[in-house]
Each structure stands twice: as C-alpha cells, then as structure tokens.
Undergrad: 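Structure incoming, see below.
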Amino acid sequence: MAERTTVVYPNPQILAEAVAARTLLTITDLLSEPNRTRVDIAVTGGTDGNRVFDAMNASPLNDAVDWSRVHVWWGDERFVAADSDDRNAKQAREAWYGKLVADGRMPAGNIHAMPSDERNLESVAAASPEQTDAVLAEAAAQYQRELIEQLGENPALDIAMFGMGPDAHFASLFPDHGESEIDDPHVLVAGVRDSPKPPPLRLTLTVPMIARSKHTWVFTSEVRKADAVAAAFAQRNNPHAPSSYADGEELLWLIDKGAASRL
C-alpha cells in the first residue's frame with residue numbers, strides 16, 4: 001500500500017489549476033520516456049473535475065502535450081443514455097477533449113468512454129433487479145475487455161484522477177455499498193445498482209484496478225468535504241469512507257484549505 005502524500009492549496013480555483021498543471025506536466029514527462037508510445041489516464045467528472053478541465057484548456061502547457069499519444073479513460077460513469085447530460089464523458093467532451101478531437105490533435109479512437117445504457121426508458125423502468133444486474137455486468141465486462149485489449153492482460157493506468165464526495169465516496173464506490181470491498185484482482189470494472197447518489201445505475205473501476213495505477217490522485221475542495229477527508233485519513237480501507245481505499249504506486253491527495261480543515 002502506497003504512502004499517502006497530501007498537498008493543501010489555498011482555495012478551489014488554485015487547487016484546480018495545480019491539478020491541471022500537474023496532469024499536463026506528468027503526461028509530458030511520461031511521453032518523454034524512452035520507448036514509450038502512449039499515456040493512459042482516467043479522468044473524473046463533478047464540480048472539481050470540470051474545474052480541472054477548464055484549467056487545462058487555459059494552460060499554456062496544454063500546447064506542449066502530444067495528445068495523439070494520450071488515451072482517455074474514466075474511473076466511473078453514470079449508466080444512462082449516451083446523450084444524457086448526466087454522462088461524465090459528455091461533460092468532459094464539452095469541457096475539454098472535444099476541441100482536441102475537433103482540431104485533429106487527439107484521434108477519436110483514443111477516447112475510451114464507458115458503455116452507455118442503450119435501453120429505452122420503458123425497458124429500464126420495467127426491468128427487474130436481476131435483469132438490471134445482468135445488463136450492468138455485461139457493460140462492466142465490456143469495459144474490462146477494452147482495458148485488456150488496449151493495455152494487456154494486467155492493465156494499468158498511468159494516471160488515475162478522482163474527485164471525492166461529501167460522503168467520502170470516490171469513483172462510484174459508495175459507503176457500505178459493497179463495491180469498494182471487491183478485492184478480486186480479476187474484477188477490474190463493476191456495475192452499481194441503487195447508487196445512493198442519482199442516477200441509480202453506475203459503472204466503476206474497482207479498487208484492484210485503481211491500485212495498479214502509476215499515479216493515483218484524489219482531489220477535492222470546500223469545507224463541506226472536510227469531514228469526509230478526515231474519515232478517509234483516519235483509517236485505510238474503511239468501507240464507511242471508500243476513498244480510504246485509494247492506492248497506486250504514487251498516492252496523492254490534493255485538497256484545499258476548506259477540505260483540510262478537520263485534519
């Protein structure tokens with residue numbers, strides 16, 4: 001288990017700018033390594049994630065990255081229709097990578113969005129819990145197959161970025177919901193039914209997949225997250241505070257003064 005390093009920034013905006021700069025510099029550094037052909041990053045959504053996308057767009061470092069060699073994944077996704085505004089991938093496309101693709105700097109094939117729910121609303125409403133679980137399981141298996149096809153039998157991400165909610169969840173690993181306790185190294189992606197945060201259906205990377213990452217970064221801001229940060233720091237691998245399971249070769253927590261106020 002990696003030792004946790006914590007960096008505290010003055011406010012949410014400076015935090016976002018720092019995460020953006022760290023992301024762009026780390027990608028550039030990794031791409032400069034001999035014999036490296038690509039960098040694979042998992043991004044996140046939410047308020048903090050979208051602030052980071054905005055800061056990346058505004059950074060002069062953005063122009064230094066060879067985006068043609070960067071592949072984008074997601075740590076979790078809302079299992080809804082592909083065109084839903086709830087989709088993390090749609091938000092990220094509009095806030096960040098869509099322009100890179102449109103400008104020809106990033107091939108569309110470098111975007112590895114999690115599967116969407118292709119059922120109509122009537123089918124979703126009529127589905128039994130068992131049918132829903134089967135649909136989620138197939139979607140999770142599909143994304144796991146893509147990870148293995150792209151990254152090999154033991155896939156690992158270079159950078160895995162996560163926000164954290166006021167309940168201390170990260171990815172779509174929620175308190176006392178069971179998915180954070182999946183420890184089978186062969187289960188890399190899981191479905192989530194009855195998420196305590198809407199929408200109710202989710203897909204998420206599992207802790208074993210996240211822990212393989214070269215760089216795992218959890219970032220969060222504002223005093224309303226302070227109790228959750230304190231809970232995550234109080235005990236590692238605590239199912240009541242799933243972000244305490246965050247791990248990787250490097251584990252960074254990047255937070256602002258508000259989020260750090262209970263430490």
Side-chain angles (χ1 to χ4, degrees), residues 42-49 72-92 112-121 123-148 155 157 160-213 216 218 220 225 228 231-232 237-248:
V43 297
T44 187
T47 302
D48 288 312
V72 181
W73 303 82
W74 272 263
D76 74 315
E77 184 56 279
R78 289 84 181 269
F79 191 65
V80 291
D83 61 351
S84 170
D85 290 338
D86 283 331
R87 290 275 291 179
N88 287 331
K90 182 179 181 183
Q91 294 174 26
H112 305 280
M114 285 184 162
S116 58
D117 194 345
E118 298 179 356
R119 300 172 297 172
N120 60 37
L121 293 177
S123 296
V124 172
S128 68
E130 293 77 16
Q131 290 170 325
T132 298
D133 284 343
V135 171
L136 285 168
E138 175 51 37
Q142 179 182 329
Y143 205 58
Q144 177 160 324
R145 287 193 297 269
E146 186 170 0
L147 283 163
I148 291 170
L157 295 160
M161 305 164 61
F162 300 96
M164 187 201 68
D167 61 353
H169 86 270
F170 81 135
S172 281
L173 303 170
F174 293 97
D176 305 307
H177 210 264
E179 290 82 14
S180 65
E181 297 168 82
I182 294 172
D183 58 5
D184 185 339
H186 302 294
V187 179
L188 310 181
V189 187
V192 179
R193 177 168 55 83
D194 295 330
S195 161
K197 179 181 179 181
L201 306 184
R202 307 286 187 107
L203 295 171
T204 185
L205 298 184
T206 63
V207 169
M209 179 63 202
I210 294 167
R212 296 178 180 183
S213 304
T216 299
V218 182
T220 198
K225 309 281 188 70
N237 296 353
N238 175 5
H240 307 308
S243 51
S244 65
Y245 284 87
D247 202 3

Undergrad: Between the main-chain N or O of Ala168 and the side-chain N or O of Ser243, is there a donor-acceptor pair closer than 3.5 Å?
TA: yes
Undergrad: If you look at every heavy atom in Asn238 and Ser244, which pair is closest and at what distance?
TA: N-OG, 2.7 Å
Undergrad: Between Trp73 and Glu146, what is the shortest heavy-atom contact and its length?
TA: CH2-O, 3.7 Å
Undergrad: So, taking the atom named CG in Leu203 and the one named CZ in Arg78, what distance separates them when rounded to the nearest 0.5 Å?
TA: 12.0 Å
Undergrad: Show your reasoning for whether side-chain contact (heavy atoms from CB on, under 4.5 Å) applies to Leu173 and Tyr245.
TA: CA-CA 10 Å; Leu173 303 170; Tyr245 284 87; 5.9 Å; no
Undergrad: Using a 4.5 Å cut-off on heavy atoms from C-beta on, say whether the side chain of Leu205 contacts that of Met114.
TA: yes
Undergrad: Is a side-chain N or O of Tyr143 found less than 3.5 angstrom from the main chain of Trp74, in a donor-acceptor match?
TA: yes
Undergrad: Tell me the closest heavy-atom pair linking Ala126 and Gln131, and the distance in Å.
TA: O-OE1, 4.1 Å
Undergrad: Give the C-alpha distance, both sets of side-chain angles, the deciding distance and a yes or no for side-chain contact (heavy atoms from CB on, under 4.5 Å) between Val189 and Thr206.
TA: CA-CA 5 Å; Val189 187; Thr206 63; 5.7 Å; no
Undergrad: Does Lys90 pair with Asp83 as a salt bridge, N-O distance under 4.0 Å?
TA: no
Undergrad: Measuring from Phe79:CZ to Ser84:OG, what's the distance to the nearest 0.5 Å?
TA: 12.0 Å
Undergrad: Which pair of non-hydrogen atoms, one from Lys225 and one from Asp48, has the smallest distance, and what is that distance?
TA: NZ-OD2, 3.6 Å
Undergrad: Is it true that Glu130 and Arg193 make a salt bridge, defined as a side-chain N closer than 4.0 Å to a carboxylate O?
TA: no
Undergrad: I need the minimum non-hydrogen distance between Pro242 and Phe174, along with the two atoms involved.
TA: CG-C, 3.4 Å
Undergrad: Are the side chain of Thr216 and the backbone of Asp247 linked by a donor-acceptor contact shorter than 3.5 Å?
TA: yes
Undergrad: For the atom pair CZ (Phe170) and CG (Asp76), what is the distance rounded to the nearest 0.5 Å?
TA: 10.0 Å
Undergrad: Could you measure the distance from the CG atom of Asp133 to the CG atom of Leu201? Nearest 0.5 Å is fine.
TA: 9.0 Å
Undergrad: List the atom of His177, the atom of Val192, and the distance in Å for their closest heavy-atom pair.
TA: CE1-CG1, 3.8 Å
Undergrad: Looking at Arg87, is its backbone amide N or carbonyl O close enough to the side chain of Glu77 to form a donor-acceptor pair, meaning the two atoms are under 3.5 Å apart?
TA: no
Undergrad: Hey, mind stepping through Arg212 and Leu157 against side-chain contact (heavy atoms from CB on, under 4.5 Å) and telling me if it holds?
TA: CA-CA 7 Å; Arg212 296 178 180 183; Leu157 295 160; over 6 Å; no
Undergrad: For His186 and Asp184: C-alpha separation, side-chain torsions, deciding distance, then whether side-chain hydrogen bond (donor to acceptor under 3.5 Å, both in side chains) applies.
TA: CA-CA 5 Å; His186 302 294; Asp184 185 339; 4.6 Å; no
Undergrad: Without swapping roles, check the side chain of Arg202 against the backbone of Ala171 for a donor-acceptor pair under 3.5 Å.
TA: no
Undergrad: Walk me through whether Ile182 and Met209 qualify under side-chain contact (heavy atoms from CB on, under 4.5 Å).
TA: CA-CA 10 Å; Ile182 294 172; Met209 179 63 202; over 6 Å; no
